[in-house]
Amino acid sequence: MEVGELLTGLYSEEGRQDPYPWYAELHRLGPISAVPARAEHRTVAAVAVGYDLVDGLLRDPEWTKQPPPGWEEQEILRTFQTSMMFVNPPDHTRMRHVFSRTFTPRRLGALEPVILRVVDELLDRMADAGDGVVDFVADFAYPIPALVMAEFIGIPPADLPWYRERVEWIDDFLDVAGKTPQRLAAANTAAEELRAFYRELIGHRRRLPGDDLLSALVEALDSGEVELTEDELVSNLIVLFNASFVTTVYMFSNGLPLLLAHPRTVATLPTDATLAQGCVEEVLRLASPVHFLARAAPADTVLHGVPVAADDNVLIMIGAANRDPARFPAPDTFDPTRPGPPSLAFGVGLHFCLGAAVSRLEGRLALPRLFGRFPALTVTETPTFSGSLFLRGIDKLLVSTGG
């Protein structure tokens with residue numbers, strides 16, 4: 001197949017449910033392929049799937065993110081374009097410095113007992129299920145990052161169900177099929193309501209500071225020692241919570257079927273911390289929550305024989321790069337002892353996910369306790385995927401705890 005046919009298949013319902021056969025075909029065409037000049041592709045000139053090429057593009061600060069046209073007119077796009085995840089240096093550098101100084105090793109270390117407490121409480125609830133059947137996403141994968149990040153940032157737990165609904169409206173808009181008027185309107189509403197929510201929370205922290213991330217950020221902001229406006233603080237909080245929360249949910253839900261297919265690994269996990277770390281990394285590689293990004297060329301260039309004009313975008317397929325057969329022997333095989341290069345699931349370079357360390361810590365701590373408590377855990381129904389290709393994950397996963 002030609003690349004145009006492959007992208008059409010990838011964006012189809014079948015492709016969004018299982019993109020990996022399409023990625024394998026794209027790999028057969030080479031590390032990067034030119035995209036046919038059609039209206040639906042707009043300024044996307046090529047699609048990159050090779051691990052080394054994707055890694056290099058993400059690390060190169062001259063390959064930048066382009067704001068979408070008319071972003072000033074939409075609340076959700078204004079939120080994105082005033083956050084470090086969506087902007088380029090020097091604004092990105094300025095904003096990231098503020099958050100990096102509050103994401104300290106001490107604060108991360110203090111999260112470990114929080115994660116363990118949350119995990120054990122959730123496992124107790126799963127054990128109390130009358131028939132032993134629970135929704136793994138609703139009862140485990142979702143509450144862990146939601147409750148942990150809420151405590152880390154300083155969001156009242158009672159507000160989380162309301163918050164989650166707005167996160168979903170934003171995620172729906174981010175998908176390749178999400179740019180409909182209805183999804184744009186819902187995402188704008190979510191951004192407006194979340195901005196009001198954070199402004200009220202910031203005011204509360206000014207009056208009554210705590211030991212959470214938000215209190216530290218408000219203190220830094222009010223001290224005048226950092227270059228950050230309150231609007232930028234709010235935008236970054238919205239994007240940070242959204243990114244850290246959803247990717248971790250899908251790390252757990254996508255990972256469970258992979259792990260259960262390897263009973264010897266599951267049996268060893270509760271007593272082997274090194275294996276737990278390897279499992280987290282292999283889940284992130286094989287079932288990346290984020291599947292693609294885009295970067296714009298700084299000048300006319302040629303990548304592996306493919307010309308890319310200045311300001312044209314290259315679609316960077318993280319989900320495909322993580323299964324590059326040139327870098328990962330038997331790329332579709334789950335191997336937690338794999339010695340290959342690191343997964344690109346959280347990105348690399350300037351825009352490396354700030355919450356990656358928290359997500360990995362949650363995985364390393366939660367999975368051994370899950371299988372230590374429920375060694376006979378089994379999936380009882382076919383998993384329900386989100387249907388999104390940008391953020392691909394299992395949204396519903398019924399399991400039996402095994403008594």
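Remember, it's a predicted structure, so these values are computed and weren't measured experimentally. Atoms considered below: every heavy atom in the structure, side chains included; atoms not considered: hydrogens, waters and symmetry mates.
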Looking at [Y], is its backbone amide N or carbonyl O close enough to the side chain of [X] to form a donor-acceptor pair, meaning the two atoms are under 3.5 Å apart?
X: D300; Y: A310; answer: yes
X: D135; Y: V137; answer: yes
X: N254; Y: Y250; answer: yes
X: H351; Y: G347; answer: no
X: R392; Y: P289; answer: no
X: N236; Y: M84; answer: yes
X: S215; Y: G210; answer: yes
X: E193; Y: A190; answer: no
X: H27; Y: A320; answer: yes
X: N88; Y: K65; answer: yes

Which atom names give the shortest non-hydrogen contact between [X] and [Y], and what distance separates them?
X: L286; Y: P331; result: CD2-O, 3.4 Å
X: R183; Y: F173; result: O-CB, 4.0 Å
X: V54; Y: A48; result: CG2-O, 3.8 Å
X: A45; Y: V308; result: CB-CG1, 4.2 Å
X: N313; Y: A294; result: OD1-CB, 4.1 Å
X: I153; Y: L237; result: CG2-CD2, 4.2 Å

Is any side-chain N of the basic residue among [X] and [Y] closer than 4.0 Å to the acidic one's carboxylate O?
X: D324; Y: R327; value: no
X: D139; Y: R125; value: no
X: D60; Y: R295; value: no
X: R78; Y: D231; value: no
X: R338; Y: E281; value: no

Take atom [atom1] of [X] as the centre, draw a 6.0 Å sphere, and report whether it contains more than 12 heavy atoms from other residues, nucleotides or ligands.
X: E168; atom1: CD; result: yes
X: K396; atom1: NZ; result: no
X: E13; atom1: CD; result: yes
X: E14; atom1: CD; result: no
X: E2; atom1: CD; result: no
X: E230; atom1: CD; result: yes
X: E62; atom1: CD; result: no

Residue list, ring-ring contact (aromatic ring centres under 6.0 Å, His included) with [X], at least two apart or on another chain:
X: F252; result: F140
X: F197; result: W162, Y163
X: Y23; result: Y20, H291

Can you list every pair that meets salt bridge (Lys or Arg N to Asp or Glu O under 4.0 Å) and has a residue in residues 143-161, with sequence neighbours left out?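 Checked against salt bridge (Lys or Arg N to Asp or Glu O under 4.0 Å) - neighbours excluded - the pairs reaching residues 143-161 are R117-E151.
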
Do R285 and F328 meet the cation-pi criteria used here (NZ or CZ under 6.0 Å from the six-membered ring centre, within 45° of the axis)?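 Pair R285/F328 counts as cation-pi.
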
Under 4.5 Å between any side-chain heavy atoms of [X] and [Y], yes or no?
X: L6; Y: Y11; result: no
X: L365; Y: V119; result: no
X: Q277; Y: V280; result: no
X: I144; Y: L122; result: yes
X: L7; Y: P36; result: no

Could you give all pairs that pass the ring pair (Phe, Tyr, Trp, His ring centres under 6.0 Å) test and reach residues 303-326, with sequence neighbours left out?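 The answer is none; no pair qualifies.
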
Stepwise, does the side chain to side chain contact (heavy atoms under 4.5 Å, CB included) test hold for F346 with R360? CA-CA 10 Å; F346 291 115; R360 286 185 162 113; 3.8 Å; yes

CA sep, side-chain torsions, deciding dist, call: S288, N322, side chain to side chain donor-acceptor pair (under 3.5 Å): CA-CA 8 Å; S288 308; N322 279 337; 2.7 Å; yes

Start with the C-alpha gap between L111 and V148, add the side-chain angles, then the distance that decides, and say whether side chain to side chain contact (heavy atoms under 4.5 Å, CB included) holds. CA-CA 8 Å; L111 274 182; V148 170; 4.0 Å; yes

Test log, rule side chain to side chain contact (heavy atoms under 4.5 Å, CB included), inputs L217 and L233: CA-CA 8 Å; L217 289 167; L233 173 59; 3.9 Å; yes

Would you say the side chains of T333 and D335 form a donor-acceptor pair under 3.5 Å?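 The criterion, which ignores hydrogens and geometry beyond distance, is not satisfied for D335 and T333.
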
Between [atom1] of [X] and [atom2] of [Y], what distance do you get to the nearest 0.5 Å?
X: L58; Y: L53; atom1: CG; atom2: CG; answer: 9.5 Å
X: L315; Y: F292; atom1: CG; atom2: CZ; answer: 6.5 Å
X: L344; Y: Y51; atom1: CG; atom2: OH; answer: 4.5 Å

Test log, rule side chain to side chain contact (heavy atoms under 4.5 Å, CB included), inputs V283 and F334: CA-CA 8 Å; V283 164; F334 180 83; 4.0 Å; yes

List in chain and number order the residues that pass side-chain contact (heavy atoms from CB on, under 4.5 Å) with S235, two or more places apart in sequence or in another chain; answer none if no residue qualifies.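 So S235 forms a side-chain contact (heavy atoms from CB on, under 4.5 Å) with T79, T82, S83, R195.
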
